[in-house]
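A short write-up of the structure that comes next.
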Number of protein chains: 2
Amino acid sequence: MSRQEEMEARLVEENYKITQPRRIILKTLLELQEKHFTAEEVYSRLRQEGAGVGLATVYRTLEVLCKIGILNSLNLDEESRCYELEDVDDHHHHLICLGCGEIKEFSDEMIKDFMKHIEDEYNYKVTDHLLKYYGYCSKCRQAGEGNEGGEEEISPK
Amino acid sequence: MSRQEEMEARLVEENYKITQPRRIILKTLLELQEKHFTAEEVYSRLRQEGAGVGLATVYRTLEVLCKIGILNSLNLDEESRCYELEDVDDHHHHLICLGCGEIKEFSDEMIKDFMKHIEDEYNYKVTDHLLKYYGYCSKCRQAGEGNEGGEEEISPK
DNA sequence: TTAGTAGCGAAATTTATTATCAGTAGGAGG
DNA sequence: CCTCCTACTGATAATAAATTTCGCTACTAA
C-alpha cells in the first residue's frame, strides 16, 4: 500500500470522503520538497500545477489531515501556521537560527522522561508537546556578530 | 526603588523616553490580576479606566517592553499573542489543558542540561527556548472523556 | 437512477497586527 | 525657565492570515 493509499484509507476510516481535491492535495504534500509548509505554499503549488483547488479547500483539508493525524501543525514563526507530515517513528523538535532562519530538527528521547515527571506532578495526561530552541548556527556566529550584511533577523518566541 | 521605577529606569537606560502613556501602561501591567495577557486585554483595561491611550500605542509599548526584557512574548494559543512580566528568577514553561484552557507553569531546570547537549551536537549558541506541553488536567479527564458539557476545545500546537 | 449530504470554489468577512501621518510633548541644552 | 528637536502619540487605514458563507457539485448509499 502506497503512502497515498494509506492516507486515503485513514480518511475513509474517519468517515471522510475521498474527493478529487483531497487526492490532489495529498499527492502534492507527498511531492513537496520542503519539510515544513504553510497552507498558502500548498495553494500556490496547486495553482502552478493548474489544479482548480480553492484556498478554502486547502485550509479545510489541512485541518482535516491534522485531526486524523496525517499532519502536524506547528508554530515555527509568528506569521503563519506551518504543517509537516506526521511520522510516527520520528518525534522531534526544532532548533531555529535567528540569523539565517535555518531550521534543524532533533529527536526528543530525553524530553520524554521530563514529561513523565510533569504528568505525575500536575496530574495531567499529556497528549502533545512542543519544544523549540532559538539561537545562532555556526555560520551566523562567525559571520560578524552583528547581523551585518545578513538576511532579516527573526524574532524568537 | 519600586517595580515601576525599575522599569522606567530600564526604559531610560535603553534610550526610550518616559511618556505619560508608557507610565500608565506599566502601572496597568503591574496591577493586572492575570499572569498572561494580550494587547487587546491591556487596551480594554485602559479604556475602562478612562485612560486615553490608543491601541497602536499599546502594541508599540508592549513591543518595546519585550525588546528591553521587561516582558516576555508567548504563543499560548493560536489566535493572539500573549505577554507576561519577565521574572529573572523564574524561568518556566507552560502546561496547557486542551479541555478547559487552564495554564500551569513549571520550572525548567532539567531542560537546561538538554540544551547544553543540543548546543554541542549542532554547534549552535542557544539564546532562547520554548517548551509547551498540551494535555488534559485532572478535572477534564474525569468530566466524561468527550468534552461534553464542557467549554470550547482548544487546538494543540 | 436518484436523493441526500458532505464537500466544493469564490468571495466576503473577521480578527490581530502593523503602517501611516499630522500633531504633541518629553527632555536636553541653552 | 524657555526652546527646539525629534521620538512618540492617537486615529485610522492597510495588511494578511484564516474562517465563514453560500449556491452549486459530485460522492455514495439506496
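Both backbone and side-chain heavy atoms feed into the values below; hydrogens, waters and symmetry mates do not. Every chain is numbered from 1, with letters handed out A, B, ... down the list of sequences.
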### Query
Between D:dA11, D:dA18, C:dG26, which nucleotide gets closest to the side-chain atoms of A:S80?
D:dA18

### Query
So what does B:R60 touch, heavy atoms closer than 4.0 Å: a base, only the sugar-phosphate, or nothing?
base

### Query
To the nearest angstrom, how far is B:Q20 atom CD from C:dG27 atom P?
10 Å

#### Entry: Charged N-O contact under 4.0 Å between B:E63 and B:R60
no

### Message
Using whole Å, what does the distance between atom P of nucleotide C:dA19 and atom CG of B:L55 come to?
### Response
14 Å

### Centroid separation B:Y43 to B:Y59 less than 6.0 Å
no

### Task
Let me know the distance between CD of B:E14 and P of C:dG26, rounded to the nearest Å.
21 Å

### Closest heavy-atom pair and its distance - B:H36, B:I103
CE1-CG2, 3.9 Å

#### Entry: Nucleotide D:dA17, atom P - distance to CG of A:L62 in whole Å
15 Å

### Query
Hey, which of these two, B:V53 or A:T38, hits DNA chain D nearer its 5' end, going by closest nucleotide?
B:V53

### Any B:Y59 side-chain nitrogen or oxygen under 4.0 Å from OP1 or OP2 of C:dT17
yes

### Value in whole Å for how far the C1' atom of C:dG26 lies from CG of B:N15
14 Å

### Query
Given atom OH of A:Y43 and atom C1' of D:dA17, what is their separation to the nearest angstrom?
14 Å

### Message
Taking B:S2's backbone N and O only, do any of them form a donor-acceptor pair with B:E5's side chain (distance below 3.5 Å, no angle check)?
### Response
yes

## Note on the structure
Sorted by position of nearest nucleotide on DNA chain C, 5' first, the leading residue of A:T61 and B:C82 is A:T61

### Query
Any idea which of C:dG7, D:dT9, D:dA17 is nearest the B:T19 side chain?
D:dT9

### Exam field: side chain A:R45 to backbone A:L32, donor-acceptor pair closer than 3.5 Å
no

### Proximal nucleotide (of C:dA10, D:dA7, C:dC8) relative to the B:K17 side chain
D:dA7

### Query
How close or far is atom P of D:dA16 from atom CZ of A:R81, stated in whole angstroms?
18 Å

### Query
What integer distance in Å separates A:E40:CD from D:dA18:P?
7 Å

### Query
Between B:Y16 and B:A39, which is nearer to the 5' end of DNA chain C once each is assigned its nearest nucleotide?
B:A39

